[in-house]
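First the structure, in the form of structure tokens, and then the observations on it.
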Amino acid sequence: MKDIIKKLSLVVLLGSISCVEDFKFDVPSDARGIVVEGYISNLSYEDQLAYPKDPEIFELRLGYISDVTNMRDEPVLGAQIELHGSSGEVYDYAEIGEGKYGLFYGDVKAIPGLEYQIVITLADGTIIQSEMTGLPENSPVGELYVEETKKSVYEYRREELIISEKDGINLKIRTAPNNSGSPYYYKWDFYTTFIKTAYLAAENSPFRYCWTSSIYYYKEYKLLEDIKGNAPSSLLFLETDNSHLNEGFSVMIRQMKMAKGYYQFMNDLQIQGEQSELFAKPPFNLVSNLHSDEINVYGYFGVVSEDYKRWYFDKDEVSNYGGYKEGCVFDDVPPPYPASCFNCLQYSYDGPVSNQAPSWWDERYLPR
């Protein structure tokens, strides 16, 4: 490998590997093949150090698709993967495990004016290649603003459908200007971090406040074909009667500006998921820029312009903040109380929990 793990520690990197969507593909029973998921962007690992987030390496995931479950359920091991640039550079992916492969270079990123492709050689010699793809012109994350609103929520209680109105806010974005005469294609996804409070711990206890993060808090991504720029678009709804808002709540918004083909692929996946929920037959012929003469290939390798912006919920800026509290502070909840009421490190969520504030956390939103 060329200067592999340049200026980086493998141990540190494995704690901050890039997340990619765990796609579901519905395919005909005679179309069993392989799924490829991954992208590179204009922001290297080192570039990301300047952002209020944990840096991530570029990751590629490979899995065999089952003709029974139509999901990637068997990781592809032992593959050799190379990233090729149109100026002759070649970078090797390192196998991480469980079908994951990473580019462990501190300074590798997509360069304007160049094109890139991946070349995958499976353990049995099967070759998979992507088309050469260039980097879209970068656009910064636009203006973020909130609108107070209500949302109908559908819940089943004792097998009865209950419809209720919930107070909340819509986080919205106004996109950058577009004077190109051609559409811009955007994708936004979200990584949430919030403060969990052990309300029965002492005020000065090091175990009273903890920070935890979740890639699943907002599972859906948002897409937009932006023709003229300055377009308002809703990103996410946040219910304000929500205990996660009590001491601090933040969302890192990742914006990807992409080529039309990658956008169509993401849009098809989104439609497929919505149709599945409605018991309709989803499409299987998704757009792809990958091919092989020996095996069916699904997925897409993207080259995107990436930008990030961190947003913090500010309870003082909205009138419908609910101020909801945890069960361990209600007078009518009898002991014994759960351990998390006394030690926030005992709080269980899908992400890491720490009683140390992230280095990027804005001091204005520390507990007060």
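Taking 4.5 Å as the limit, some side-chain heavy atom of M258 sits within range of a side-chain heavy atom of V304. In this structure, I40 and F301 have side chains that are in contact, with non-hydrogen atoms separated by less than 4.5 Å.
Residues F313 and I173 are members of one and the same hydrophobic cluster, defined by side-chain heavy-atom contacts under 4.5 angstrom among Ile, Leu, Val, Met, Phe, Trp and Tyr. I195 and L200 are not part of a single hydrophobic cluster, where members link through side-chain heavy atoms under 4.5 Å apart. Side-chain heavy atoms closer than 4.5 Å link hydrophobic residues (I, L, V, M, F, W, Y) into clusters, and following such links, even through other members, never connects L245 to Y365. Hydrophobic cluster membership differs between L366 and Y321, with clusters built from Ile, Leu, Val, Met, Phe, Trp and Tyr side chains linked at under 4.5 angstrom. Linking ILVMFWY side-chain heavy atoms closer than 4.5 Å, directly or via other members, places I128 and V119 in two distinct hydrophobic clusters.
Using a 3.5 Å distance cut-off with no hydrogens or angles, the side chains of S305 and E137 do not pair a donor with an acceptor. Side-chain contact, T121 with Q80: no donor N or O sits under 3.5 Å from an acceptor N or O. Between the side chains of R310 and S250, at least one donor N or O lies within less than 3.5 Å of an accepting N or O. Inspection of the S44 and E46 side chains reveals no N or O donor paired with an N or O acceptor under 3.5 Å. Remark: the S234 side chain and the N170 side chain contain no N/O donor-acceptor pair separated by less than 3.5 Å. A donor atom on one side chain and an acceptor atom on the other are not found under 3.5 Å apart for N246 and S243.
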Test side-chain contact (heavy atoms from CB on, under 4.5 Å) on D268 and V287 and set out the steps.
CA-CA 8 Å; D268 286 349; V287 172; 3.8 Å; yes
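Atoms NZ and CG, from K257 and L224 in turn, are 12.0 Å apart once rounded to the nearest 0.5 Å. Note that CD1 of I34 and CD1 of I120 are 6.5 Å apart. Values are rounded to the nearest 0.5 Å. Distance check, rounded to the nearest 0.5 Å: OG of S233 to CZ of R174 gives 10.5 Å. Annotation: the span from D189 atom CG to L236 atom CG amounts to 11.0 Å, rounded to 0.5 Å. The CD1 atom of I295 lies 6.0 Å from the OG1 atom of T126; values are rounded to the nearest 0.5 Å. To the nearest 0.5 Å, atom CZ of residue R254 and atom OG of residue S41 are 9.0 Å apart.
Close placement of the F265 and Y300 rings is indicated, their centers lying within 6.0 Å of each other. Here Y217 and F249 bring their ring centres to under 6.0 angstrom of each other. Ring pair Y91/Y105: centre-to-centre distance below 6.0 Å.
Salt-bridge formation is not detected for the pair D241/K166: no Lys NZ or Arg NE/NH1/NH2 atom is positioned less than 4.0 Å from an Asp or Glu carboxylate oxygen. One finds no salt bridge joining E239 and K151 here, because no Lys/Arg side-chain nitrogen approaches an Asp/Glu carboxylate oxygen to under 4.0 Å.
Nearest heavy-atom pair across V108 and L83 is CG1-CD2, 4.3 Å. Closest approach of P177 to Y184, counting heavy atoms only: O-CE1, 3.8 Å. Summarising the geometry of E294 relative to I127, their closest heavy-atom pair is OE2-N, 3.3 Å, with the distance given to 0.1 Å. Annotation for I96 and G102: closest pair CD1-N, 3.7 Å, computed over non-hydrogen atoms. Nearest heavy-atom pair across L144 and K309 is CD1-CD, 3.5 Å. Nearest approach of C344 to K196, heavy atoms of both residues: CB-O, 3.8 Å.
Classified by interplanar angle (parallel below 30°, tilted 30° to 60°, perpendicular above 60°), the ring pair F194/H244 is parallel. Below 30°, between 30° and 60°, or above 60°: for W361 and Y312 the angle between ring planes is above 60°, a perpendicular geometry.
The cationic group of K53 lies under 6.0 Å from the six-membered ring centre of Y308 and within 45° of the ring axis, placing it in a cation-pi geometry.
For D293, the CG atom counts as loosely surrounded, since its 6.0 Å shell holds 12 or fewer non-hydrogen atoms of other residues, nucleotides or ligands. Counted within 6.0 Å of CD on E165, heavy atoms from surrounding residues, nucleotides or ligands total more than 12; the atom is thus considered enclosed.
Partners of Y263 under the ring-ring contact (aromatic ring centres under 6.0 Å, His included) rule, at least two apart in sequence or in another chain, are Y185. Partners of Y186 by ring-ring contact (aromatic ring centres under 6.0 Å, His included), not counting sequence neighbours, listed by chain and number: W188.
In this structure, S288 contributes its side chain and Y298 its backbone to no donor-acceptor pair below 3.5 Å.
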